[in-house]
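For reference, positions follow the sequence shown, starting with 1.
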Amino acid sequence: VFDKVHYEDVENLGFLRKTIIVPSHRSKPEEVPLAAKYYYSYESGKPEEIPFTGKKLQDVVAESGRILRLRYGPNEYKLELSGIALGNVALIGLPGDAFSGIGSALKQAEGTALVLPMSMMDGFKGRFPTQKAYDEGYIEARSSCYRAGVDEQLIAAGIELIKALR
């Protein structure tokens, strides 16, 4: 076990936070009535009133819930990232459940020996799907309160933190 450990002198220790503003995944007002019909039919135990079954039913109900949750706003969210530097190692804290593509992109940042992305730092602000999840219609993207592109914003902010911590 000990031959797999790399010891490194830590000459610098740092901590930074960065706040970003991301757009919400609000829908158009004209989408609310159908979303309400689907969501409340499902919640009242009448899924047969919805013209979908199986996974498509789950996707539509999840999306309908998001439409209803965000019908009055907000238009954007503030997300706070945390960065810790321990020598040549950077820990980047994300305020929710990030899809693995976000962590993988952060790990590619140059200038540090190791980047450790951490989810759910300072609470849970929701799930952060990747662009691929939005493009392919994953349930997590359809129900996310964040608009497509949240992954790119988190990655860019995380890389900025890594650079600032060097």
Side-chain angles (χ1 to χ4, degrees), residues 1 4-29 31-32 35 39 58-166:
V1 173
K4 295 181 181 183
V5 176
H6 172 75
Y7 292 94
E8 186 158 329
D9 291 331
V10 175
E11 295 183 14
N12 68 317
L13 175 64
F15 176 78
L16 292 172
R17 289 184 182 265
K18 180 168 182 63
T19 300
I20 61 173
I21 306 222
V22 298
S24 75
H25 195 179
R26 286 187 71 191
S27 293
K28 298 174 186 154
E31 294 179 62
V32 171
Y39 184 80
Q58 291 175 336
D59 291 348
V60 166
V61 171
E63 182 175 49
S64 296
R66 188 245 324 142
I67 291 169
L68 295 177
R69 279 193 318 277
L70 297 176
R71 69 181 156 220
Y72 303 116
N75 290 323
E76 60 190 24
Y77 291 94
K78 289 182 181 180
L79 299 176
E80 189 170 60
L81 288 76
S82 304
I84 300 171
L86 300 166
N88 204 19
V89 175
L91 291 83
I92 301 299
L94 304 167
D97 185 14
F99 273 41
S100 63
I102 296 169
S104 296
L106 289 171
K107 288 179 179 183
Q108 302 302 314
E110 297 178 6
T112 57
L114 178 64
V115 175
L116 299 171
M118 300 177 298
S119 288
M120 294 187 244
M121 293 293 292
D122 294 326
F124 179 74
K125 302 288 184 189
R127 301 194 79 186
F128 306 125
T130 57
Q131 185 62 52
K132 179 182 176 187
Y134 284 95
D135 294 344
E136 295 182 8
Y138 287 20
I139 190 170
E140 296 90 348
R142 293 179 73 171
S143 62
S144 176
C145 58
Y146 306 108
R147 189 160 304 282
V150 67
D151 59 334
E152 288 98 350
Q153 288 183 268
L154 288 167
I155 292 164
I159 290 172
E160 285 179 31
L161 276 174
I162 292 166
K163 288 179 179 176
L165 286 164
R166 282 193 240 143

ask   = Can H25 and Y134 be said to form a side chain to side chain contact (heavy atoms under 4.5 Å, CB included), step by step?
value = CA-CA 11 Å; H25 195 179; Y134 284 95; 3.9 Å; yes

request  = Carefully, step by step, assess R66 and S27 under the rule side-chain hydrogen bond (donor to acceptor under 3.5 Å, both in side chains).
outcome  = CA-CA 9 Å; R66 188 245 324 142; S27 293; 2.7 Å; yes

ask   = Taking it one step at a time, do K18 and E160 satisfy salt bridge (charged side-chain N to carboxylate O under 4.0 Å, His left out)?
value = CA-CA 9 Å; K18 180 168 182 63; E160 285 179 31; 2.9 Å; yes

task = Apply side chain to side chain contact (heavy atoms under 4.5 Å, CB included) to the pair R71 and L68, showing each step before the final yes or no.
result = CA-CA 5 Å; R71 69 181 156 220; L68 295 177; 3.0 Å; yes

task = Just do the side chain to side chain contact (heavy atoms under 4.5 Å, CB included) check on E110 and I159 with the steps written out, would you?
result = CA-CA 9 Å; E110 297 178 6; I159 290 172; over 6 Å; no

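Between G96 and S119, the shortest heavy-atom distance links the atoms O-CB, 3.1 Å. Across all non-hydrogen atoms, the minimal contact from S64 to A35 is CB-O, 3.4 Å. Looking at every heavy atom in both residues, A105 comes nearest to I155 through CB-CD1, 3.5 Å. Closest non-hydrogen pair, G83 versus L161, comes out as N-CD1, 3.9 Å. Nearest heavy atom pair, residue G158 against residue I92, reads O-CD1, 3.9 Å. Shortest non-hydrogen contact noted between A109 and V115 is CB-CG2, 4.5 Å.
A donor-acceptor contact shorter than 3.5 Å links the side chain of R147 to the backbone of S24. Proximity of a side-chain donor or acceptor of R127 to a complementary backbone N or O of E140 within less than 3.5 Å is not detected.
Once rounded to the nearest 0.5 Å, the distance linking CG of L86 with CD of E11 reads 13.5 Å. Here the straight-line distance linking atom CE of M120 with atom CE of M118 works out to 12.5 Å at 0.5 Å rounding. One finds the CD1 atom of I20 at 12.5 Å from the NZ atom of K78 (value rounded to the nearest 0.5 Å). Here R69 contributes atom CZ and S143 contributes atom OG; the two are 6.5 Å apart, rounded to the nearest 0.5 Å. Note that OG1 of T130 is 8.0 Å distant from CD of E136, once rounded to the nearest 0.5 Å. Of the inter-residue distances, the one linking R17 atom CZ with L81 atom CG reads 10.0 Å to the nearest 0.5 angstrom.
Residues P95 and F124 have side chains not in contact (no heavy-atom distance under 4.5 Å, counting atoms from C-beta outward). Inter-residue side-chain proximity for K132 and F99 is flagged as unmet; no heavy-atom pair is nearer than 4.5 Å. Put simply, the side chain of L106 reaches to within 4.5 Å of the side chain of P117, judged on heavy atoms. Side chains of V89 and T112 form no contact here, defined as non-hydrogen atoms less than 4.5 Å apart. Residues V22 and E76 form no side-chain contact, since every pair of their non-hydrogen atoms from C-beta on lies 4.5 Å or further apart. Side chains of D151 and P129 form no contact here, defined as non-hydrogen atoms less than 4.5 Å apart. Contact of the I21 side chain with the Q153 side chain is not registered, since no non-hydrogen atoms from C-beta on lie closer than 4.5 Å.
Counting only residues at least two apart or in different chains, ring pair (Phe, Tyr, Trp, His ring centres under 6.0 Å) contacts with residues 141-166 comprise Y77-Y146, F128-Y146.
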